[in-house]
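In this chain, numbering begins with 1 at the start of the sequence shown. Just so we're clear, the structure is a prediction, and the values are computed from it rather than from any experiment. Counting starts at 1 for both ligands and their atoms, following the listed order.
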Amino acid sequence: MKYYSLRHQSPPVDFRTATITGQAPDGGLYFPETIPKLPAGLLREMRSLSKATVAVNVMRPYVGTTIPDSDLQRICAEAVDFEFPLVPVQEGVSALELFHGPTLAFKDVGARFMSRTLGYFAQRGDTPPVTVLVATSGDTGGAVASGFLGVPGVEVIILYPSGKVSPVQEQQLTTLGQNITALEVSGTFDDCQALVKQAFQDLELARRRFLTSANSINVARWLPQQLYYCFAWQQWPAGAPAPVVAVPSGNFGNLCAGLLVQASGLPLGHFIAACNANEPVPAYLRTGTFAPRPAVPTFSNAMDVGNPSNFVRILELFGNDVNKLRAALSADTVSDADTVAAIRQAWTEHGYLLDPHGAVAYAALRRYQAAHSGAAGLLLATAHPVKFPAVVEPLIGQTIPLPAAVQHLQNRPKRSVPLAVDYEQLKTHLLLEVVSY
Ligand SMILES: *Cc1c(COP(=O)(O)O)cnc(C)c1O
């Protein structure tokens, strides 16, 4: 499998090069040259296969010959080493819980897959010491930090918007130490992302430090997200109509992975992009014009993205044809007030506790169902509600117990480096910091 740059100014590369470079030299995102079909036998058997086996089968064509079978099996088994239950919420609505991994959010799968792939390439001496540079709106940073902690040959630098992530999220970013550094930026997620993008385009920096990205633009983080949809399908009643799938979306990597695996033949129904007030994609589907805009803060902060990087991949998948896209995908905008109402409703009427991101998807799915009677569906519950106590706890009038996965972070000191929204400051930091292994 080769990957081409969506800007078409760089040569196609294999999975290894796409993973260790993150982005093409021309600044474009990598996209697979062909969309592999899921073999009929795999689909027939999928319900009875282990998660790791499904993972190997789905990822194998994308990885090609860059990782041998035994290593790919180990990487896949470690990446999906927790539960992904499809939990009924009410008649016609189930939640695919993606928050049972080490950082309680769905990004764990992509981060674990990518860290282990990069670790594999580094161990073979295929890469110089790598610096993973990543911007986070909340959950990416924690998942990347946990996934890469202690991986030899890899240094991780995380930029996060100061005051705009939750306490648990901040602990996950700032307390691990070792090869993980958190830069606390006095700005928004979009500012962090812009700084990171600028660093990747800085040729002088590139000569001094080998940088790669762990945002969902990296194929090794983006592609394994297809697995969630396979795990949902494994648990969806056999013979029932394909589910409508509501995906809480910010940078649109997860949704794009869902559309990709659907294009590979996984029988899924209509997709819903569930967005908060940051709604360039809903606006695009309404008007046919894509206009990035500054991010605005919401309760679902991991989706506060004004210029979603992966949207170009979705356009590519649909041949840049807005009408084709509209046939497969609806989009909805859910306000903070409606998010709160959704959390309250699912809790009081059905005893199901949603986090603000899952709640956006729940609200969007319910609205879609109201307009399309009888369409049974599922939502992706992307984070554990305990990550957002300030929003959730007052609504339910109780404290959410801290899962074991984050308890150990409680009393560790926060360590972060303050950073202005100033590229020269970032560059100075990147050039000064000594990389030692
Ligand atoms: C990152 C994140 C999202 C958005 O996912 P994208 O792939 O960026 O669209 C949604 N929910 C949670 C909890 C997240 O951490």
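Near Asp139, meaning under 4.0 Å from any of its heavy atoms, are these atoms of ligand 1: 12 (C), 13 (C), 14 (C), 15 (O). Less than 4.0 angstrom separates some heavy atom of Asn254 from each of these atoms of ligand 1: 7 (O). Atoms of ligand 1 lying under 4.0 Å from any heavy atom of Gly253, numbered from 1 in the order shown and given with element: 6 (P), 7 (O), 9 (O).
Between Ser249 and ligand 1, no N or O atom pair is found at a separation short of 3.5 Å. Checking only distances, Thr140 never comes within under 3.5 Å of ligand 1, N or O to N or O.
Using a 4.0 Å cutoff on heavy atoms, Phe99 does not count as a contact of ligand 1. At least one heavy atom of Pro248 sits under 4.0 Å from some atom of ligand 1.
Scanning the protein for heavy atoms near atom 8 (O) of ligand 1, the closest one is Asn251 N, 2.8 Å. Nearest to atom 12 (C) of ligand 1 among the protein's heavy atoms is Thr382 OG1, 3.3 Å. Regarding atom 14 (C) of ligand 1, its nearest protein heavy-atom neighbour is Lys107 NZ, 2.8 Å. Closest to atom 4 (C) of ligand 1, if we only count protein heavy atoms, is Gly250 N, 3.6 Å. Summary of contacts: the protein heavy atom closest to atom 5 (O) of ligand 1 is Phe106 CZ, 3.5 Å.
Here Phe82 and Phe84 bring their ring centres to under 6.0 angstrom of each other. Proximity of the aromatic rings of Phe99 and Phe106 is defined here by a centroid distance below 6.0 angstrom, and this criterion is not met. In this structure, Phe311 has its ring center under 6.0 Å from that of Tyr284.
Proximity annotation for atom 6 (P) of ligand 1: of Phe252, Trp222, Phe388, Phe252 comes nearest, heavy atoms only.
A salt bridge is defined here as a Lys NZ or Arg NE, NH1 or NH2 lying under 4.0 Å from an Asp or Glu carboxylate O, and Glu170 with Lys387 fails to meet this definition. Under 4.0 Å is where a charged nitrogen must lie from a carboxylate oxygen, and between Lys2 and Asp14 no such pair does. Salt bridge annotation for Glu78-Arg112: absent, with no cationic side-chain nitrogen under 4.0 angstrom from a carboxylate oxygen. With salt bridges taken as basic N to acidic carboxylate O contacts below 4.0 Å, one links Arg367 and Asp338.
Looking at heavy atoms from C-beta onward, Thr333 lies out of side-chain contact with Asn276 at the 4.5 angstrom threshold.
Partners of Glu279 according to the salt bridge (Lys or Arg N to Asp or Glu O under 4.0 Å) rule, which considers only residues two or more places apart in sequence or in another chain, are Arg286, Arg293.
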